[in-house]
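Since the structure comes first, as structure tokens, the remarks are kept for the end.
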2 protein chains.
Amino acid sequence: MLSQKTRYTIRALQHLADRYGEGLVPLSEIVEKQNIPAKFLTVILSELGREGVVLAQRGKDGGYALALSPVDIRYGDIVRIMRGSLALVPCASRFSHEKCKNCVEESNCRLRSLMLQVRDETAAVLDRITLADPIVLEPAYGAE
Amino acid sequence: MLSQKTRYTIRALQHLADRYGEGLVPLSEIVEKQNIPAKFLTVILSELGREGVVLAQRGKDGGYALALSPVDIRYGDIVRIMRGSLALVPCASRFSHEKCKNCVEESNCRLRSLMLQVRDETAAVLDRITLADPIVLEPAYGAE
DNA sequence: TATATTCACTACCATTTTAGTAGACAATAG
DNA sequence: CTATTGTCTACTAAAATGGTAGTGAATATA
């Protein structure tokens with residue numbers, strides 16, 4: 001599962017992408033429209049600032065904006081920044097590989113081989129789509 | 001990420017699948033070959049017993065065996081049993097849908113639409129492969 | 001320059017989840 | 001009747017999660 005923090009991050013960045021080119025967006029607007037706890041969002045946006053994904057300006061009329069064009073921010077990148085990896089097990093990460101603890105020899109681990117496939121399919125989706133891409137909305141669960 | 005418990009579960013079931021048709025496999029064998037803490041594995045296997053995935057016999061020469069043919073146990077099923085869902089967010093589960101907390105309206109949530117795509121790709125991999133299928137091993141990380 | 005506004009950063013905290021362990025009990029074979 | 005092997009409930013330590021508090025720093029404007 002993605003953590004709540006990662007979910008907030010993605011929704012906040014989507015919001016900033018929608019406002020891209022329109023100047024600075026204050027925290028309060030994102031908080032209201034995206035239903036994210038204000039203090040927590042400052043933590044998130046500061047972190048994204050340090051990562052170079054958003055830029056911020058303090059003071060009156062300050063706020064946030066994307067530091068890159070939405071077309072240059074892939075969903076996969078966002079997840080990697082927040083979670084470290086797209087993979088479901090540490091040993092199946094292609095960018096930040098780690099040994100799983102208490103596992104069998106890696107070259108002999110079928111779980112790993114399988115999870116590499118899952119990772120690659122996940123990457124195929126998340127690295128193909130950027131914050132600039134329109135996303136076709138699915139109907140809500142339970143809708144006719 | 002999959003929890004350590006889920007990883008142990010999958011490796012234990014793979015082990016039992018390899019021994020399918022060869023009678024009962026004692027806990028100690030799985031513990032040794034799969035490098036899983038013994039007590040923890042009893043917890044896991046008991047749970048799988050209650051789920052109807054393995055059957056067990058106590059006493060001398062007792063042990064565990066798959067309750068179903070390996071061909072009838074998909075990796076997706078295992079993950080669903082242990083984790084509840086294949087999805088990366090609660091609202092993107094197809095079998096055990098739940099609302100995400102502090103989210104926007106579901107019919108308007110682009111994160112959800114995207115994560116449904118990821119879930120479906122994940123399911124395409126994990127529900128296609130069963131414990132009976134051979135898995136092509138990937139070379140270990142760092143191998144030439 | 002004083003003040004209100006807005007973001008930055010560190011530290012802290014409560015709760016939940018995770019990864020086990022302990023220990024008593026039940027079944028079975030010999 | 002005793003060794004062996006699984007069952008089950010309860011417990012625990014450590015880590016991760018989801019925040020909040022509070023202080024400080026930059027900026028616009030009156």
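Just so it is clear: chains get the letters A, B, ... in the order the sequence lines come, proteins before strands, and each one is counted from 1. None of the values given here were measured: they were computed from a predicted structure. Side chains are part of it too, since the values below use all heavy atoms of this structure and drop only hydrogens, waters and symmetry mates.
- Phe40(A) has its CZ atom 14 Å from the C1' atom of dT15(C), to the nearest Å.
- Under the Watson-Crick or G-U wobble criterion, with both distances below 3.5 Å, dT28(C) is left unpaired in every strand shown.
- In this structure, the NZ atom of Lys5(B) is 9 Å from the C1' atom of dT18(C), given to the nearest Å.
- With hydrogens and angles left out, the side chain of Lys39(A) and the base of dG22(D) share a donor-acceptor pair within 3.5 Å.
- Closest non-hydrogen pair, Ala12(B) versus Leu41(B), comes out as CB-CD1, 4.0 Å.
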Please list, one pair per line, the donor and acceptor atoms closer than 3.5 Å that link side chains of residues 114-126 of chain A to other protein atoms, with sequence neighbours excluded.
{"residue": "Asp120(A)", "atom": "OD1", "partner": "Arg94(A)", "partner atom": "NE", "Å": "2.9"}
{"residue": "Asp120(A)", "atom": "OD2", "partner": "Arg94(A)", "partner atom": "NH2", "Å": "2.8"}
{"residue": "Thr122(A)", "atom": "OG1", "partner": "Val118(A)", "partner atom": "O", "Å": "2.9"}

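- Phosphate contact (OP1/OP2 of dG20(C), side-chain N/O of Tyr8(B), threshold under 4.0 Å): present.
- Between Tyr75(B) and the options Leu86(B), Leu13(B), Ile135(B), a side chain to side chain contact (heavy atoms under 4.5 Å, CB included) holds for only Ile135(B).
- The CZ atom of Arg83(B) sits 14 Å away from the C1' atom of dT17(C) (whole-angstrom rounding).
- In this structure, Leu16(A) atom CG and dC7(C) atom C1' are separated by 14 Å, rounded to whole Å.
- If you check dA10(D) for Watson-Crick or wobble pairing at under 3.5 angstrom, you find it paired to dT21(C).
- Contacts between residues 42-60 of chain A and DNA chain C, counted as heavy-atom distances below 4.0 Å, involve Ser46(A), Arg50(A), Ala56(A), Gln57(A), Arg58(A), Gly59(A), Lys60(A).
- Residue Arg7(A) is the one, among Asp61(A) and Arg7(A), whose nearest nucleotide of DNA chain D lies closer to the 5' end (criterion: closest heavy atom).
- For the pair Leu41(B) CG and dC8(D) P, the computed distance is 15 Å after rounding to whole Å.
- For Lys101(B) against dG18(D), no side-chain N or O and base N or O form a donor-acceptor pair under 3.5 Å.
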Report, one pair per line, the protein and nucleotides 14-17 of chain D atoms (nitrogen or oxygen only) whose separation is under 3.5 Å.
none

